[in-house]
There are 2 protein chains.
Amino acid sequence: MTVIGRAGGSGETAPASQQGMRRKNLAAVTGAVAAHGPLSRADVAGHTGLTRPAVSSLVDELIGRGALTETAAPPSGRVGRPGRALALNDRGPAGLGLEIGVTHLAACIVDLRGEPRVWRRVERANAGRPAGQVLAEAAALGADAESEAAALGLRVEGRVLAVPGVVPNAPGGLVANAPNLGWQAVRPADHWPDPATVPEPENEANLGALAELRQQGDPAETFVHVSAEAGIGAALVIGGQLFRGARGFAGELGHLPVHPEGAPCPCGARGCLEQYAGEAAVLREAGLSGAGDPVTLLAERAAAGDAATLRALDRAGRALGLALASAVNLVDPDGLVLGGAYAELADRLLPPMRAELAARVTVRPWTPEAVRPSALGRRGPVLGAAWSTVQQIIADPTRLPVRPQR
Amino acid sequence: MTVIGRAGGSGETAPASQQGMRRKNLAAVTGAVAAHGPLSRADVAGHTGLTRPAVSSLVDELIGRGALTETAAPPSGRVGRPGRALALNDRGPAGLGLEIGVTHLAACIVDLRGEPRVWRRVERANAGRPAGQVLAEAAALGADAESEAAALGLRVEGRVLAVPGVVPNAPGGLVANAPNLGWQAVRPADHWPDPATVPEPENEANLGALAELRQQGDPAETFVHVSAEAGIGAALVIGGQLFRGARGFAGELGHLPVHPEGAPCPCGARGCLEQYAGEAAVLREAGLSGAGDPVTLLAERAAAGDAATLRALDRAGRALGLALASAVNLVDPDGLVLGGAYAELADRLLPPMRAELAARVTVRPWTPEAVRPSALGRRGPVLGAAWSTVQQIIADPTRLPVRPQR
DNA sequence: GTCTATTTGTAATGGCGAAAAACAAATTAG
DNA sequence: CTAATTTGTTTTTCGCCATTACAAATAGAC
């Protein structure tokens, strides 16, 4: 997880060394290949500003570490000796993403190119169950996915677990609070069957934002990713990097006060966004009580034209817009992304959101199109979890062990 | 101005070179001396992780560039050969800070140690005057300060102008909008008499935050600095670096909606914070109309126990607390700083602010003490403007020209 | 088919910067 | 006065990239 703004820790920073220079240049090569598709050594030199001999040396090392492979050269058609195409290895290092949701478990393995290669998803009512039991099942799902990945030649180099809860900025991977699961101070490492495969937990909204960032293209974008369903979380991505806050609590959008004297919230305050746009509040306002998946239920009723449902969604959209107006005025993002389960309700939620934002973001340029629905929807968090490992490897390939040459 | 989150610009980044390594290590040396006072070469080696020979070579270059000087060695009392003390040069490079306020102009020059050496301040009613006229007077004040600095052996290496307005993230130094001055799209460079001394404009709240950061001590702090008076701005400092937003509009706290259906605001929205905590709103609520400085007037009436004034300040404090609750839930800062002119009203404003924050920040640890008044008050912006140049030099001493050796 | 121009990748050499090792200088403790 | 200790510099070594030179592989011209 590459993150900005962590309280520096040691204070004294390591000096710039030749190894550090090498590390950065290795990363520049993997980064260029990741960003611009298959590239010859000369192309890489052009993109990075390094010389061809330097690139050759770096590429040798990266092939040795399993990060890159030489693929069949595409018929370029240009004059001169044809280059040998370099691509990210699709039969080497990989990332495992796991997800614990309120009603499901999921796993996903992506290769270095970022391509998902293995999928697993099972429905499970996880709310209120003992954390150890849920984690054991997640571990089993992950082990199952890893064995399938091994058959594809993939070697899992990192494991990240998406949870719908708060993960403080502290070593050791603690989930401080996951209200929708009923978790308090759960440390996945304490319940994981195999110490060798313990995943690092991370908030699902943050991981969804990472996935969106990757899908999106512009790697230096600044945006706010809203992950709305039972709880409403947001992730801040600043210049392409996740910002977790001083202690890891950034993005608690659900408890922004939207109507200061409004409905009381279990958190102790009044008029929090969750009281207007949270799943429970919307269902109540729509007069529905949920058998089955509440979001698809809402989508069906809205499509059928049910007045109470439409009213509830409009109110939720306006409340979201109001809260996000605060976010935009404070943070000045390039855009906003509506993710999580609510992405499926974007048809109904976006118009009131956009109207509210247009009315309240007036002291800076703003277009309604800056708010967009996520392209990944509910799969965002697992994908982000798997991708975060891949991203780390591309940003620092020296994490990979040098393979013993056969 | 060191800033995070700018849209990367070129996209392709320069490769890590040996010159880059050298630059980083030069900065590590100046940084260590700046942070830990006078240090011997061996001490610097200990702090940076560099070897003593490397430090010797770096120090030679830094002395040649005028960044460091060898001072009289303090009698250490320890066994062994005494070290020669290195300190930031107080007779060399310097930074000029200029400020255009609604009722004054100010200038300040600080040496590399960050010590203010020259002060200038004149009262001027700048609101509504032609920008060219105001800028010409500011330039004269700056030139006057620079000539005094020259007599002290100081060489101004950078100039920054604090303005109460929005400065977009764009080259060329444009002040897009400064409502309290009546400025629209003013480019200081177009009105500056001497092209050699054109300053870079920057928002005063951001500069105030920089000054606070420097004064504070922890160079990696994440905090929100509120600069409240006529307009209400905020600056976000993330991990010790200023965050200006995707386009430079971050921190528009004054237009956070605090009472969604409340009083209409000139910005077009309803219930913006400025309608409850802005200078004009507070004066109106207190039944005062301003001859003289409104903030000292408010302080006097509050000290005298005037009921309407106390009520107005309480309402303003609560509104500030409400808006900042959104900021805390979103950004998760270490703390909040009340700066600008309102720092002088902290006695009255802090209690309702803290109460509101305590009530609305419940899903993460929070203590009332995390809100503190600025130590610098109204001098923050000029100091920050002057310091920002010094900070840049310390972060990259190769900006300094190598002096011809005599 | 052969030759030339062009581009790619590698090999040889050089320079820069820090680490390592060795040493000279300046102090305190005995 | 000598030994121990710490500081700063000199010398050597090493790692990494740039430069230069060169071999390899293609398209186009004739």
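Just so it is clear, the values below take in all heavy atoms, side chains as well, and ignore hydrogens, waters and symmetry mates. Naming: A, B, ... by sequence-line order, numbering from 1 per chain.
Regarding contacts with the backbone of C:dA18, a side-chain N or O of B:Arg22 is found under 4.0 angstrom from either OP1 or OP2. Between B:Asn25 and C:dG17 there is no side-chain N or O to OP1 or OP2 distance below 4.0 Å.
Nucleotide C:dG17 holds its C1' atom 14 Å from the CZ atom of B:Arg23, rounded to whole Å. Rounded to an integer number of Å, the gap from CD of A:Glu61 to P of D:dC16 is 8 Å. When the P atom of C:dG17 is taken as reference, atom NZ of B:Lys24 falls 16 Å away, rounded to whole Å. As a whole-Å value, the separation of B:Leu86 CG from D:dT7 C1' is 12 Å. Counting to the nearest Å, the C1' atom of C:dG9 and the CG atom of A:Leu50 are 15 Å from each other. The distance between atom NE2 of A:His47 and atom P of C:dT8, rounded to the nearest whole Å, is 12 Å. If you take CZ of A:Arg78 and P of C:dT6, they are 12 Å apart, rounded to a whole angstrom.
The side chain of A:Gln19 approaches D:dC16 more closely than any other nucleotide in the set D:dC16, D:dT26, C:dA20.
From B:Asp111, atom CG reaches atom CZ of B:Arg155 across 12.5 Å, with rounding to the nearest 0.5 Å. Distance check, rounded to the nearest 0.5 Å: CD of B:Glu200 to OG1 of B:Thr389 gives 8.0 Å. Atom CZ of residue B:Arg65 and atom CG of residue B:Asn89 lie 14.0 Å apart, to the nearest 0.5 angstrom.
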*Which is it for B:Arg244 and B:Val167 under the side-chain contact (heavy atoms from CB on, under 4.5 Å) test, yes or no, and what are the steps along the way?*
CA-CA 9 Å; B:Arg244 308 186 78 251; B:Val167 180; 3.6 Å; yes

*In sequence, state the C-alpha distance, the side-chain angles, and the governing distance for B:Arg214 and B:Gln391, and then conclude on side-chain contact (heavy atoms from CB on, under 4.5 Å).*
CA-CA 9 Å; B:Arg214 202 207 129 82; B:Gln391 181 192 302; over 6 Å; no

_From CA spacing to verdict: side-chain contact (heavy atoms from CB on, under 4.5 Å), A:Glu157, A:Ile393_ = CA-CA 9 Å; A:Glu157 294 283 349; A:Ile393 291 174; 3.9 Å; yes

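B:Gln18 contributes no side-chain N or O that forms a donor-acceptor pair with the base of C:dG17 under 3.5 Å.
Positionally, the nearest nucleotide of DNA chain C for A:Val79 lies more toward the 5' end than for the other of A:Pro15 and A:Val79.
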What's touching nucleotides 8-10 of chain D from the protein side, N or O pairs under 3.5 Å?
from: D:dG8; atom 1: OP1; to: B:Arg84; atom 2: N; distance (Å): 2.6
from: D:dG8; atom 1: OP2; to: B:Arg41; atom 2: N; distance (Å): 3.2
from: D:dG8; atom 1: OP2; to: B:Ala42; atom 2: N; distance (Å): 2.9
from: D:dG8; atom 1: O4'; to: B:Arg81; atom 2: NH2; distance (Å): 3.3
from: D:dG8; atom 1: N7; to: B:Arg52; atom 2: NE; distance (Å): 3.0
from: D:dG8; atom 1: N7; to: B:Arg52; atom 2: NH2; distance (Å): 3.2
from: D:dG8; atom 1: O6; to: B:Arg52; atom 2: NH2; distance (Å): 2.9
from: D:dT9; atom 1: OP2; to: B:Ser56; atom 2: OG; distance (Å): 2.4

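Shown here is B:Arg113, whose CZ atom has more than 12 heavy atoms of other residues, nucleotides or ligands within 6.0 Å.
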